[in-house]
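To keep things clear, I will list the structure first and then write my remarks on it.
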Amino acid sequence: MNTYREALEWIHSLLKFGIKPGLKRVEWLLERTGNPEKKITCIHIAGTNGKGSTVEFIRSILNEAGYSVGTFTSPYLISFNERVSLNRIPISDDEILHYARIVRPHVEEVSLTELGSPTEFEVITVISLLYFADKQPDIVVYETGLGGLYDSTNVITPILSLITNIGFDHMGILGDTLKEIAFQKAGIIKKDVPVITTADQKEAREVIEHKAREMDAENYFLDRDFSVVHMESTPSGERFFYTDIEDKKEINFEIAMMGTHQIKNAGLAVAAVKYLTRSHGFEIPLSTLGDGLRKANWAGRFEKVSHSPDIIIDGAHNEQGVAALKETLINHYGSKRIFLLFAALEDKAYATMMKDLVSVVYEACFTTFDFPRAASAEQLLKESPLENSYSISSWSEALQHLKDQLQQDDVLIITGSLYFISEIRKTFQNLE
C-alpha cells in the first residue's frame with residue numbers, strides 16, 4: 001500500500017460483518033500491536049438512537065473547557081476519516097495509510113487461522129485505538145457500531161459507560177424483544193465501571209440494572225437519579241431544565257440541536273461530564289458546560305441545509321427515530337406544509353416508519369440511492385400509507401422536482417437512512 005486510496009480500498013474490501021461473532025479477532029490484533037486499548041482513557045456509549053448526538057455534546061463541552069477529546073463514531077456523513085477524530089478534526093489521509101500498513105500484516109496472518117478474516121469495522125476499531133494511543137487525548141469517547149456485547153469497541157475498559165435509549169433496530173442480529181436488545185447494549189457494562197442511562201422502558205431498565213449489579217457497577221437512571229424537563233422549542237433550538245445526580249439543583253440549559261429527544265441526549269452528556277468532575281478531576285465551570293452544550297452541532301440530525309424555504313435532512317432510520325422526527329416537525333413546523341423525500345434500506349421497518357408521518361406530511365416522494373441494501377423507489381411507494389405520494393427513482397431528479405414545488409413558507413424534510421443523508425448532503429454547499 002502506497003497511497004491513502006489503496007489503504008481505503010483495502011479496508012473496504014474486508015467483510016462488512018463477521019461470520020463468527022465475538023471479540024477474539026480484535027483482541028488478537030490488539031495483542032500484536034501493543035495493546036493500544038490499555039493506553040487511553042475513555043467513555044463507552046451504546047444505545048439504539050442518540051449515540052452520535054451524545055458523543056457530540058460531550059465533545060463540545062470538554063473542548064470548551066480546554067480538554068482534548070478523541071471520538072469514534074459511525075457511520076460517517078461527510079468523509080470516511082471523520083469516524084476517527086481528535087477535537088472534531090478527522091484523522092488525516094497519511095495517518096490512515098500509516099496505521100493501515102501497521103495492521104495489514106496482522107490481518108493477513110489472523111485470516112489464515114480458524115478465527116478468520118477481521119471485518120472492516122474491526123480493522124477501523126484497531127486503527128482508531130492505535131491512533132488515540134499515539135495522540136493521547138485527555139479522553140476518548142467510543143460509540144458502539146452495533147449492539148454492545150459483541151461489538152468490536154467492547155475491547156476497551158472505560159471509566160464510564162453510557163446507554164442511550166433502547167428501541168427496535170437490527171432485530172435480525174440483536175433480538176426481537178426489548179429485553180434481548182437491552183441485554184446486548186448492556187454488554188458494555190464493565191466490572192466496577194459506573195453506567196448512566198436514559199433508557200425508559202421498564203424491561204430495558206431491569207436488564208441494565210441487573211447487569212450493573214452483576215458487575216458491581218454504580219448505576220444512574222433518567223427520572224430516578226437525574227432528570228430533564230423540556231421548557232420550550234425556540235427558532236434556535238430547545239430549552240430545558242436539568243436536575244443533577246448529586247446536588248439535585250435544577251439548571252436551565254439551551255441546545256441548538258432541535259427536537260425534544262435531544263434534551264435526553266444532552267442530559268445524558270451533562271450527567272457524564274458531571275461524573276468526570278466529581279470522580280476524575282475534570283474542571284468544568286457551569287457557564288463553560290452551558291456554552292459547550294449550546295455550541296454542539298451534529299451533522300444530519302434535523303440539520304437545516306437551506307433556508308426560505310427550509311430544507312432539512314435528518315438521519316431517522318428506525319421507528320424511534322421517525323417518532324422523534326415527527327415530534328420535532330410538529331414543534332417547529334406544525335403550521336407549515338411539509339414535503340417529504342424518503343429513501344430507506346430494505347431491512348428497515350419502513351412501512352411503520354412512513355405510517356408515523358401520515359399526520360404531518362402534505363406530499364411525499366419516494367426514491368432510492370446507490371447502496372447494496374437500498375429499497376427501490378417502487379418498493380417504498382407500494383408500502384406507502386401517505387395519500388399524496390409518488391416515486392422518482394433518481395434522487396437528484398426527485399429532489400429537484402420537490403424544490404420546484406416549494407413555496408417560501410413550505411418545508412422539505414429528507415430522511416429514511418443515514419446512508420442516504422450522507423449521499424444527498426453533498427449536494428448542498430457551504431456546509432461545515
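Quick note: numbers below take in every heavy atom, side chains included, and nothing from hydrogens, waters or symmetry partners.
A donor-acceptor pair under 3.5 Å is absent between the side-chain atoms of Glu327 and the main chain of Ala323, judged by distance alone. Without hydrogens or angle criteria, Gln405 side chain to Leu402 main chain gives no donor-acceptor distance under 3.5 Å.
Side-chain contact, Ser389 with Ser384: a donor N or O sits under 3.5 Å from an acceptor N or O. Between the side chains of Asp93 and Asn81, at least one donor-acceptor pair of N or O atoms lies under 3.5 Å. The closest side-chain donor-acceptor pair between Thr260 and Glu238, if any, does not fall under 3.5 angstrom. Side chains of Thr144 and His44: no donor on one and acceptor on the other come within 3.5 Å. Between Ser68 and Asp138, the side chains place a donor N or O and an acceptor N or O closer than 3.5 Å (distance only, hydrogens not considered). Checked by atom type, the side-chain pair Arg301/Asn49 shows no donor-acceptor distance below 3.5 Å. Judged by distance alone, the side chains of Glu122 and Thr125 never bring a donor and an acceptor atom under 3.5 Å apart.
Note: Phe253 and Tyr242 have tilted aromatic rings, judged against thresholds of 30 and 60 degrees for the angle between ring planes.
For Tyr67 and Phe282, the ring centers are positioned less than 6.0 Å apart.
Applying the salt bridge (charged side-chain N to carboxylate O under 4.0 Å, His left out) rule to Lys355 yields no partners; only residues at least two apart in sequence or on another chain are considered.
In summary, Glu203 and Lys179 do not engage in a salt bridge, as defined by a charged side-chain N under 4.0 Å from a carboxylate O.
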